[in-house]
Structures are given as C-alpha cells and as structure tokens.
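We use all heavy atoms of the structure for the numbers below, so side chains are in, but hydrogens, waters and symmetry mates are not.
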Amino acid sequence: MVSGLSLPPAVADEILAHARAELPNEACGLISGSLSTGRATRFYPTRNIEASPLRYNVHPEDLVRVTFEIEDAGEELVTIFHSHTRSAAVPSATDRRNAMYPDPFYLLASLADPDALPASVLRAWRIYRGQTFEVPLTIG
C-alpha cells in the first residue's frame with residue numbers, strides 16, 4: 001500500500017475554493033485517481049447533507065453519482081475530503097467513528113485562516129478501525 005498522497009496544485013486549489021464557498025458549513029467531496037500510486041487526479045465537490053459547521057456526510061445521491069463517474073473514467077476513489085471550519089485539519093472523534101472506507105485517504109482542510117494556501121491547511125490521513133495515521137501530502 002502506498003504511504004502518501006499526491007495532489008496536483010489545480011486540484012488542491014479547487015478543493016480549498018469549494019471548502020471556503022461552503023462556509024459556514026463543513027464542505028465535503030470525493031477525489032479520484034490511482035490508489036496504487038497515491039496520485040489524485042480529479043476533485044468531485046459534493047453536498048454535505050448535514051449542512052452543519054460541525055459535521056459532514058456526503059449526500060447519498062452525490063455518492064452514487066460520483067462513484068459511477070469515477071468507475072466510468074477507469075479511476076478509483078483515492079480520497080474522501082472534508083473541511084473543519086475553525087479547528088485543525090485533524091480527524092475528530094466523530095470523523096474517526098464515521099470512517100467507513102479503509103482504503104482511500106482522508107483529506108482534511110482547516111479553514112481557521114481564511115488567507116492560507118492549500119499547502120498549509122490540507123493534511124492527509126489514513127483512518128482504520130478508529131485509529132488515525134497522518135501520511136505525507138505532496139502538492140505538485
């Protein structure tokens with residue numbers, strides 16, 4: 001299993017723009033690419049059915065639609081993304097409890113600093129059985 005996640009700069013910018021546009025609520029989305037290389041290629045913004053500044057849940061319609069789009073493109077679900085509106089980009093107890101996918105990375109953005117660049121607010125994680133492991137994130 002690959003140990004780190006790599007995002008193209010344009011994808012990182014797109015993710016952060018989506019997160020900021022969804023304020024005051026947490027934003028979420030799915031990212032496709034190759035799990036075997038850890039390389040992300042495309043961001044799919046999704047709706048947060050919770051519409052909450054404290055929780056996220058990808059809208060079921062978006063989850064189904066994006067899953068099919070990823071499969072049709074011959075790619076894999078590489079990353080599940082969400083933002084934290086005021087706290088650090090570290091999985092919360094709720095994030096750890098609700099993590100249902102052992103293979104994809106979890107990418108978090110902290111929106112505490114409204115002017116920060118993606119490299120300083122995005123962090124990548126593996127969440128497995130409630131345990132979190134930060135992994136290297138490369139933007140480039």
Does [X] reach the main-chain N or O of [Y] with its side chain, forming a donor-acceptor pair under 3.5 Å?
X: Arg20; Y: Leu111; answer: no
X: Ser34; Y: Arg39; answer: no
X: Asn48; Y: Arg55; answer: yes
X: Ser83; Y: Ala27; answer: yes
X: Ser52; Y: Leu54; answer: yes
X: Asp95; Y: Ser92; answer: yes
X: Thr85; Y: Asn25; answer: no
X: Glu76; Y: Leu35; answer: yes
X: Tyr56; Y: Gly29; answer: no

Using the six-membered ring of Phe105, assess whether NZ or CZ of Arg126 lies under 6.0 Å from its centre and within 45 degrees of the ring axis. yes

Determine the minimum heavy-atom distance between [X] and [Y], stating which atoms define it.
X: Pro8; Y: Ala40; answer: CD-O, 3.1 Å
X: Asp113; Y: Asp115; answer: OD1-N, 2.9 Å
X: Pro24; Y: Pro53; answer: O-CB, 3.1 Å
X: Tyr128; Y: Pro102; answer: CD1-CB, 3.8 Å

For residues [X] and [Y], determine if any side-chain heavy atom of one lies less than 4.5 Å from a side-chain heavy atom of the other.
X: His18; Y: Glu14; answer: no
X: Ile31; Y: Arg42; answer: no
X: Leu7; Y: Ile15; answer: yes
X: Glu50; Y: Asn57; answer: yes
X: Ile49; Y: Asp62; answer: no
X: Val90; Y: Arg123; answer: yes

Side-chain ion pair, Glu69 and Arg65, N-O less than 4.0 Å: yes

Test of understanding: clusters of I, L, V, M, F, W, Y form through side-chain heavy atoms closer than 4.5 Å, transitively. Do [X] and [Y] belong to the same one?
X: Val11; Y: Tyr44; value: no
X: Tyr101; Y: Ile70; value: yes
X: Met100; Y: Leu30; value: yes
X: Val78; Y: Leu63; value: no
X: Leu108; Y: Leu137; value: no

Would Leu122 and Leu107 satisfy side-chain contact (heavy atoms from CB on, under 4.5 Å), going step by step from the backbone distance to the final call? CA-CA 7 Å; Leu122 294 173; Leu107 182 69; 4.2 Å; yes

Could you label the plane-to-plane angle of the Phe81 and Phe43 rings as parallel, tilted or perpendicular, counting under 30° as parallel and over 60° as perpendicular? perpendicular

Partner of Pro91 under side-chain contact (heavy atoms from CB on, under 4.5 Å), picked from Arg96, Glu134, Gln131, is Arg96

Result for side-chain contact (heavy atoms from CB on, under 4.5 Å) between Tyr106 and one of Thr132, Ile127, Val135 points to Ile127

For the atom pair OG (Ser6) and CD1 (Ile139), what is the distance rounded to the nearest 0.5 Å? 9.0 Å

Please determine whether the number of non-hydrogen atoms from other residues, nucleotides or ligands lying under 6.0 Å from atom CZ of Phe133 exceeds 12. yes

Strictly by modelled atom types, are Glu75 and Thr41 linked by a side-chain donor-acceptor pair under 3.5 Å? yes

